[in-house]
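Data first, discussion second: the structure below is written as structure tokens.
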Amino acid sequence: MQMVKLVHASKQTLRFDFLVTGIFVHRRISIPKLAGSYREQEPLPSSIYVPYSQLQLRKLLELQVISFLHGCTNINQIKQVHALLFRKDLHQCCYVVTKLIRMLTKLEVQMDSYPRLVFRQVKHPNPFLWTALIRGYALQGPFSESVRLYNCMRKEGIGPVSFTFSALFKACGSVLDVTLGTQIHAQTIWIGGFASDLYVGNTMIDMYIKCGLLDYGRKVFDEMTERDVISWTELIVAYARTGDMKSAGDLFDGLPMKDMVAWTAMVTGYAQNAMPRKALEVFEQMQDAGIEVDEVTLVGVISACAQLGASKYANWIRNIAENSKFRPANNVVVGSALIDMYSKCGNVEDAYKVFERMEERNVFSYSSMIVGFAMHGRAHAAIELFFEMLKTDTKPNHVTFIGVLTACSHAGMVDKGRQLFATMEKCYGVSPNVDHYACMVDLLGRAGLFEEALQLVETMPMEPNGGVWGALLGASNIHGNPDVAEIAASHLFEFEPDSIGNYILLSNTYASAGRWSDVSRVRKLMREKKLKKNPGCSWVEAKKGVIHEFFAGDMTHPESSQIKKALEDLIERLKAVGYQPNLSSVPYDVTDDQKRRVLMTHSEKLALAYGLLSTDAGSTIKIMKNIRICEDCHIVMCAASKVTGRKIVVRDNMRFHHFLNGTCSCGNFW
DNA sequence: ATAGGGTTAG
């Protein structure tokens, strides 16, 4: 006679209905209390105390064992539970063994070893047990084994369940085998309507997306009879990753149950597609909608603020992070993102403050800080931090080395760079990839060691890419070496035929050598390819963090006449202390007088003049620029920092220059 | 069981 009915079981609690004089009474019992003997639970009034049926005793035992399994943190503990199964005669129970195999998978135990053995001991595996094994192979490979097991299972006459298909699609997604994926897709249709199962549909979408067939994924989505927020989010993310924020946004607008993950997907989607303002907009809408924000959301917004490069936003999001549950000091990911953001906003000091306060640091935190120092020309700080990192348990990775090598490169530390590059594999276990070679070419090229740079390109163990040739072209431009520039450009145009900057670099290199016919040849090439020069543009942060934008020769600003006057005054003061316009900074074949006039229209000079006009004396002037700062403007910035006593920070497309008291942090080497 | 995240170069 069954007088106790188990109505619900979760990890922590069991819920029973007790039959008490004709009515059912609910009771909840927590599993920890049941550990040991289930007869020794809290005593119940004798009037309602009833013996469990055999069936329920067994069910309880199963649940108890499973709760043990959930508590296991290593394989030995699981082996103990496994031994227990034999003692309690549960070793043939598919339900428990399935959980055991899942736990082994979670602990990343090799499927071929122990899990396979456990599976073989069960005489009549049910579909769930088969699936646990198939899923294990789907997660860690070899993926062909998943498929082989699936076929075995079918041959044994055992039908798949929805989990089985999920596991198989995962395997197909991992090896990008869309042919097999499509076959299995077909099977979900003809074997008992699995195609309409929500989970099967979602994993199918994921598989098609991983294989690069977004349209197929969309088709599955459109044909699904039931969808949840995960189906939508999968597609939104896929559109965002291909850069199609329009489709992502349309989907998101139509999503009836927007949750935190879906909102976050939109925020990071905009951030990763270089639309930081849209990202902030969505983040604000998200907060207005009363949606909770977590660390992933924060990281997306932080990345957007890094792109905006303005202290105003940087401090704003930092405050939000500090007041959240994910404080940068306690959260490595948020902390590392903030380090990167502050570095990109021109604020290495704040970046380092965040770094210092972090309780835990990983390779991201160190690398971000090292790259930050490198960007700001603080080569010694970068290298010092690198050696400090080596003293910890944190191992450097390829990005860390990109950081130290660029640090050496921007500071002209050729020997140090060569030495680090030579030992990176032997001493630190990071084998140089093509990007590290590009750094070395940059390092040697900037130092004017063209022969060595070319030799490195010829002997490198992999094919040089656009980055390598680009570094060589950039160095040729700095040193005015049109012969090497020609070599670099001829290769570079194969990789990046439409990148305008490369043509301009080549043309400028010819110009600096006075080879005007070559200049017009390149100009003609650019016209034929219909490439437009992207105009030089600068931003400056005025009072209250308001950003003002200036193009070269731009007179549309409402205060243009004052700006022009301020610039003229400044230049007069600089001339008084010996400033001479650097005419070779103008790559056009025009008269010196015209060159002087062109130089005065450069956008960073306008930005500087406006900065002087609009900010308080004593505050730092922060200028951002979309292309490389020119020689003449660099000289002006140096001199202006001395004459005006202001600190000036300029971010060009590559790095930061800190001008103070007449000198630049780059040491005139950039 | 399926969904969102941080560092990279000329």
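Everything quoted here is computed from the prediction, not taken from an experiment. Throughout, protein chains are lettered first and strands after them, A, B, ... in sequence-line order, and every chain is numbered starting at 1.
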Identify whether any heavy atom of E496(A) sits under 4.0 Å from a base atom; if not, whether one sits that close to sugar-phosphate; answer base, sugar-phosphate or nothing.
-> base

Side-chain atoms of I402(A) come closest, of dA1(B), dA9(B), dG6(B), to dA9(B)

Side-chain N or O of Q272(A) less than 4.0 angstrom from OP1 or OP2 on dG6(B)?
-> yes

Heavy-atom neighbours of E463(A) CD exceed 12 at 6.0 Å | no

How would you label the contact of S166(A) with the nucleic acid (heavy atoms, under 4.0 Å): base, sugar-phosphate, or nothing?
-> base

Rounded distance (Å) that lies between atom C1' of dG4(B) and atom CZ of F252(A) = 12 Å

Checking all strands, does G466(A) fall into the base, sugar-phosphate, or nothing category for heavy-atom contacts under 4.0 angstrom?
-> base

Would you classify V334(A) as touching base, sugar-phosphate or nothing, given that sugar-phosphate means primed atoms plus P, OP1 and OP2, and contacts are heavy atoms under 4.0 Å?
-> nothing

Rounded to whole Å, CE of M440(A) lies from C1' of dT8(B) at a distance of 17 Å

For L492(A), which contact category applies under a 4.0 Å heavy-atom criterion: base, sugar-phosphate, or nothing?
-> base

Would you call K353(A) and D350(A) a salt bridge, using N to O less than 4.0 angstrom?
-> yes

Give one of base, sugar-phosphate or nothing for T297(A), where a contact means two heavy atoms less than 4.0 Å apart.
-> base

N465(A) side chain to V468(A) backbone, donor-acceptor under 3.5 Å = yes

From dT2(B), dG4(B), dT8(B), pick the nucleotide closest to the side chain of V371(A)?
-> dT8(B)

Could you check whether S409(A) gets within reach of a base, just the sugar-phosphate, or nothing at all, counting any heavy atom under 4.0 Å?
-> nothing

Quick check: does any side chain N or O of T164(A) sit under 3.5 Å from a backbone N or O of V161(A), one acting as donor and the other as acceptor?
-> yes

Between S476(A) and T509(A), does any side-chain donor sit less than 3.5 Å from a side-chain acceptor?
-> no

Which of the following nucleotides, dT7(B), dG6(B), dG4(B), is nearest to the side chain of R241(A)?
-> dG4(B)

Among the nucleotides dA3(B), dG5(B), dT7(B), whichever has the atom closest to the side chain of T233(A) is dA3(B)

Which atom of G181(A) lies closest to which atom of Y208(A), heavy atoms considered = O-OH, 4.5 Å

Could you state the atom-to-atom distance from CZ of F169(A) to P of dA1(B) in whole Å?
-> 18 Å

Mind checking T268(A) for me? I need base, sugar-phosphate or nothing, with any heavy atom below 4.0 Å counting as a touch.
-> sugar-phosphate

H185(A) NE2 to dT2(B) P: how many Å, rounded?
-> 20 Å

D228(A) CG - dA3(B) C1' separation (whole Å) | 9 Å

Which part of the nucleic acid does D435(A) contact within heavy-atom distance under 4.0 Å: base, sugar-phosphate only, or nothing?
-> base

Consider the side chain of I230(A), meaning its heavy atoms from C-beta on, and name the nucleotide among dG4(B), dT2(B), dT7(B) that approaches it most closely.
-> dT2(B)

Can you tell me how far P of dG5(B) sits from CD1 of I317(A), to the nearest Å?
-> 17 Å

Rounded distance (Å) that lies between atom P of dA3(B) and atom CZ of R218(A) = 19 Å

Nearest of dA3(B), dA1(B), dT7(B) to any side-chain atom of S368(A)?
-> dT7(B)

Which nucleotide sits closest to the side chain of S336(A): dG6(B), dT7(B), dA3(B)?
-> dG6(B)

When you get a sec, tell me which of dG4(B), dG6(B), dT2(B) is the closest nucleotide to the side chain of N362(A)?
-> dG6(B)

When all nucleic acid strands are considered with a 4.0 Å heavy-atom cut-off, which category describes R655(A): base, sugar-phosphate, or nothing?
-> nothing

Which nucleotide in dA3(B), dA1(B), dG4(B) has an atom nearest any side-chain atom of F163(A) | dA1(B)

Rounded to whole Å, the CD1-P distance (I134(A) to dA1(B)) equals 15 Å

NA contact type, K344(A), heavy-atom cut-off 4.0 Å: base, sugar-phosphate, or nothing?
-> sugar-phosphate

Could you check whether G474(A) gets within reach of a base, just the sugar-phosphate, or nothing at all, counting any heavy atom under 4.0 Å?
-> sugar-phosphate

Hey, does V399(A) reach any base, or is it just sugar-phosphate, or nothing, if we go heavy atoms under 4.0 Å?
-> base

Between dT7(B), dG4(B), dG5(B), which one does the side chain of E295(A) approach most closely?
-> dG5(B)

Does CD belonging to E292(A) count more than 12 external heavy atoms closer than 6.0 Å?
-> no

